[in-house]
Structures are given as structure tokens and as C-alpha cells.
Asks: 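Would you mind keeping the following structure in view while I ask a few things?
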Amino acid sequence: MSNPKTRRAQTIIKPDRDRRFVTEDNPFEAMMSRFDDAARRLNLEPGLYKVLRSPEKQIIVSVPIVRDSGEIEVFTGIRVLHNTSRGPAKGGIRFDMAVTLDEVKALAAWMTWKCAVVNLPFGGGKGGVICDPTTMSVGELERLTRRYTAELMETLGPDSDVPAPDVNTNERVMAWIMDTYSMRVGHTVTAVVTGKPIEMGGSLGRRDATGRGCLVVTKEALARLEIPIDKATVAVQGFGNVGSTAARLMAAEGMRIVAVSDKKGGIHDPSGIDIPAALEWVKEHRFLEGFPGAKSVTNEELLTLKCDVLVPAALENVITSKNAAQIKARIICEGANGPTTARADAILDKKGIFVIPDILANAGGVTVSYFEWVQDRGGYFWDEETVNERLEKIMSKAFTEVVGMAEKHEVGMRIGAYMLAIERVAAMHRMRGLYA
Ligand code: NAD
């Protein structure tokens, strides 16, 4: 507070309002427009605004590997640490041709706000390697992962930067990162990554964590809207890790799942879909298509079905200015990252739909990643019941705090969540002051 460079001021933040609507589907724009809105309402000091907008570190490395053919190929790797004022950077690593610095920057900032909403002692980071893993052998992927890790040795570490799986990376990739890092420092450091296999320090409950988090906040929202759980109807887009777990756990609590979908399309049954049977069907047939007794719906139709709760848990930018007005759900629980565009936000707000924003709704995953890091550092592992109990407590508390912020400032839940997160990160900066 005493630092003049971070003293509060009334003016100066002048985000160009029109910029937010230039491209409806750009992730960086989507995040920044919400950040700007929340920062303005918080009357954030201009100096702090500039600090929080700028990633701390943007690292671009060349990642040369020897292909199986004997040829040398050089890939580009990126790691961005957006903000580490509250703790080590936390965020996934993706292997994908679509990786760009702009996208990684946006996703890293997103992680800062997500970790702060649920009050974890983590900052935000994200990384990626521009490559097509589908054309690479296991050996090539291992060499790529190990060289990328070696190039990031300066920033990686359980106290500084802790990656996790993301698009096209998995437990095996995390194991390679952990091993490479451990070899370089001379001893085993399991806490350098999360999302590891259970046998090497992964946490019980991680697989279900994001879907379980969705369940917890959905129950909170139903209670606020006075919709009894056993009367609630739910449509879920996406039947992968997040969507299928959310559907399974919600059904087990007595909610009626009227529709689910995957990338080939969806199934709809107003009297309720038997989710365990649908999971069995998918195990055998890969897709929901053809599930007996249900009508088929397209992914677009699913979004506008009559239901109490809509859970977009597949992709970004599915709720847009084109379909938001047709949405009939009373609650939207954003299992996916960025499923709603900023333009759609305004329409949903007007309709009075209760949106549980992504940075709150899907924070169960990073919360159990935090538990994994805590368990690795303590060398003492919890049973699944303990993991789930602690997860529920954190998610419920965060929900209540976001509601409190939204009510206090008379804003929707999304801007309330951003305001809570920004306020927490800003508070840390004010207390720490500016190192110079
Ligand atoms: P996943 O790959 O396990 O599942 C994705 C699902 O979406 C699959 O059922 C797939 O068929 C479906 N899908 C793909 N394209 C589709 C399309 N065009 N229309 C409809 N459905 C489509 O992925 P996941 O881990 O469940 O992640 C889903 C979303 O949740 C992503 O946005 C991810 O970033 C976000 N998320 C995941 C976690 C986690 O812990 N897994 C945590 C936070 C956020």
C-alpha cells in the first residue's frame, strides 16, 4: 500500500472498450476483456494493472531431436509464467501444431486467476511445443519432452514452475519431465510436475477432480435458485474426462441427465439417460452414437435444450452471440475452459442465467493438482475420501466467495470471480511492494 508505484488511483485505466468485440473467439481477447472489466470495477491502481497484464516471463526455446530416421529436426517450445506472486507457476503443457505464444500467454494468465479464485498458493503458467504428436513415435516424443525440459531447467522446479498435462500430453509425459528434472538436480523431485501416475506420487481422486468440482458448484447453484437436486435436469456437452465424470456424479446425486454428447453428436432422453450404461456403451463403441432408447441431437441443439443445468464440457466458444438468446437452462456450469464468448456473456446476463464461470467451475482439477504437490512435498499420501472432502470444502468456499463478490459489486458471477482473483493477486503485490 505504501509503495507509491502501486498506490490506488481513480482513473487512467482506459481499456479500449471496442477491442473486446473485435474477434469473438480469440482466447486472449476473451480473457483480457473480462480482466479489463473486473480491474476497472475494482479501481485497480494503474501501475498494478500494467503489472498484472504483463506475463513475468515468456520463454521460447529450440528443441532439437534426432528423429527415428536419423535426421535432426528442430521444434519450437514455449513456456510462459504469467504471475508467481502467490506461489510457483502452475499450468499445463500441450503438444500441438496450433500452439502460439499469444494463446499460451492467455492460458497462463487464465491459470493465475483460476488458482487465485480457489485461493491456492500458486501463480499461473502454461507451455507448449509446436509439433504434431500423432506423427511421432514414443521414442521421439520422449526425446522431445526431455530436451524441452532440459531447456527449461532455469525456471522449472517445485518452488518456481510446476507443469501438468494438457492437450496431447499425459501421465507418461509428466513422468519423463519428472525424471529429466530429477537427473539434472541429482535427486528425485516428484513435486516438479502434477498429473503423474499414482505409483510415482500422483494423487488419488485426480481423474474425477474436475467433474467433482463441477458437481459441488452446481449443487451450490441449485440451492441458491431453490431447485431441488432430485428435480434438476442436466444437459452435458462433451463426454470425456470432465463431462462424463460430471454426468456420472450428478446422476448419482439424483439429478436427471437428459442429454450428453461427444464430438460425433449427442443423445437426448427427457426421462433421463442411464449414465453408467452410456459409459459402458462408449467403452465398447467409442462414441455415444446409437445408444439404445435415446434420440439423437446435434451438439448445437443440445445447448438449447430445455433443462435446468447446462454443462459445456468439451470446447471453447460454443456459447456465442448467435445462440445465447436461445439457451433455456437456468444454470450454466462451465466445465470447459472458455466455452462462452464475451458477447454471449452480455446476453446470458440479460436473460438472468446463473453462470458458474470456468475459472471457478473447473478449478477442481488444479485444486487436486495442488493436493498432489502438497502430498509429494510432505511425503505423506491421503486416501481418496480425504482428497474429495478437502476438494469439496475448497470449491464450496470459493463459490460462496464469488457470490459474495458478485453481490457486493452487483455484477455477474464471471466478473465476480475475476474481481475476487485479481483482488487476491493485487493484495499480494501491494504487500510485497515492487522489487527494484
Ligand atoms: P477430453 O478429451 O477427455 O474430452 C473431450 C470431450 O469433448 C470428448 O467427449 C469429445 O468427444 C468431446 N468433443 C470434442 N470435440 C467436440 C465437439 N466439436 N463438439 C462436442 N463435443 C466434442 O477432455 P477433458 O479433459 O474432458 O476437457 C474438456 C474441457 O475441459 C477442455 O476445455 C479442457 O480444457 C477443460 N478442462 C479440463 C480439465 C481436466 O482436468 N481434464 C480441467 C480444467 C478444464
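Whatever order the structure lists ligands and atoms in, that order sets their numbers, starting from 1.
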Asks: Compute the shortest N/O to N/O distance between Phe239 and ligand 1 and return yes if it is under 3.5 Å, no if not.
Replies: yes
Asks: Can you tell me how far apart OG (Ser244) and CG (Asp208) are? Round to the nearest 0.5 Å.
Replies: 8.5 Å
Asks: Given Gly364, Gly365, Gly335, which one has a non-hydrogen atom that is nearest to atom 36 (N) of ligand 1?
Replies: Gly335
Asks: For Thr210 and ligand 1, does the shortest N/O to N/O distance drop below 3.5 Å?
Replies: yes
Asks: Between CG of Leu310 and OG1 of Thr233, what distance do you get to the nearest 0.5 Å?
Replies: 10.5 Å
Asks: Could you say whether the N/O atoms of Ser261 and ligand 1 ever approach to under 3.5 Å?
Replies: no
Asks: Could you tell me the residue and atom name of the protein heavy atom closest to atom 3 (O) of ligand 1, and the distance to it rounded to 0.1 Å?
Replies: Asn241 N, 2.9 Å
Asks: Which option, Asn337, Ile359, Asp262, Val236, owns the non-hydrogen atom nearest atom 44 (C) of ligand 1?
Replies: Asn337
Asks: Could you identify the single nearest non-hydrogen protein atom to atom 19 (N) of ligand 1 and state the distance to 0.1 Å?
Replies: Asn299 ND2, 3.3 Å
Asks: May I ask whether Arg206 has any heavy atom positioned less than 4.0 angstrom from an atom of ligand 1?
Replies: yes
Asks: Measuring from Asp68:CG to Glu140:CD, what's the distance to the nearest 0.5 Å?
Replies: 4.0 Å
Asks: Go through ligand 1 atom by atom and flag the ones less than 4.0 Å from a non-hydrogen atom of Ala336.
Replies: 29 (C), 30 (O), 32 (O), 35 (C)
Asks: How far is atom 8 (C) of ligand 1 from the closest protein heavy atom, and which atom is that?
Replies: Gly240 N, 3.8 Å
Asks: Please report which non-hydrogen protein atom sits nearest to atom 10 (C) of ligand 1, along with the residue it belongs to and the distance in Å to one decimal place.
Replies: Lys263 N, 3.9 Å
Asks: Please report whether atom 30 (O) of ligand 1 has a protein non-hydrogen atom at a separation of less than 4.0 Å.
Replies: yes
Asks: Where is the nearest protein heavy atom to atom 28 (C) of ligand 1: which residue, which atom, and how far?
Replies: Ala313 O, 3.4 Å
Asks: With only distance considered, is Lys114 within less than 3.5 Å of ligand 1 through an N or O on each side?
Replies: no
Asks: Relative to each other, are the rings of His82 and Trp113 parallel, tilted or perpendicular (30° and 60° limits)?
Replies: perpendicular
Asks: If you look at every heavy atom in Val236 and Ala247, which pair is closest and at what distance?
Replies: CG2-CB, 4.2 Å
Asks: Kindly indicate, with the supporting measurements, whether the criterion salt bridge (Lys or Arg N to Asp or Glu O under 4.0 Å) is fulfilled by Arg34 and Asp345.
Replies: CA-CA 10 Å; Arg34 275 80 174 238; Asp345 267 353; 2.9 Å; yes
Asks: I need the nearest protein heavy-atom contact for atom 7 (O) of ligand 1: residue, atom name and distance, please.
Replies: Ala314 CB, 3.4 Å
Asks: Looking at atom 23 (O) of ligand 1, tell me if a protein heavy atom falls under 4.0 Å from it.
Replies: no
Asks: Any N or O on Val242 sitting closer than 3.5 Å to an N or O of ligand 1?
Replies: yes
Asks: Please tell me whether Glu220 and Ser396 have a donor and an acceptor in their side chains that are separated by less than 3.5 angstrom.
Replies: yes
Asks: Considering non-hydrogen atoms of the protein only, which is the closest contact for atom 18 (N) of ligand 1, and what is the distance?
Replies: Leu315 CD1, 3.1 Å
Asks: Give me the one residue out of Lys90, Arg79, Arg94 that meets salt bridge (charged side-chain N to carboxylate O under 4.0 Å, His left out) with Asp166.
Replies: Arg94
Asks: Test salt bridge (Lys or Arg N to Asp or Glu O under 4.0 Å) on Arg40 and Asp36; report intermediate values, then the result.
Replies: CA-CA 6 Å; Arg40 199 170 48 246; Asp36 281 352; 5.8 Å; no
Asks: So Glu401 and Lys397, salt bridge (Lys or Arg N to Asp or Glu O under 4.0 Å) or not? Walk me through it.
Replies: CA-CA 6 Å; Glu401 287 167 338; Lys397 187 161 183 276; 3.2 Å; yes
Asks: First locate atom CD1 of Ile332, then atom CD1 of Ile327, and finally report the distance between them rounded to the nearest 0.5 Å.
Replies: 4.5 Å
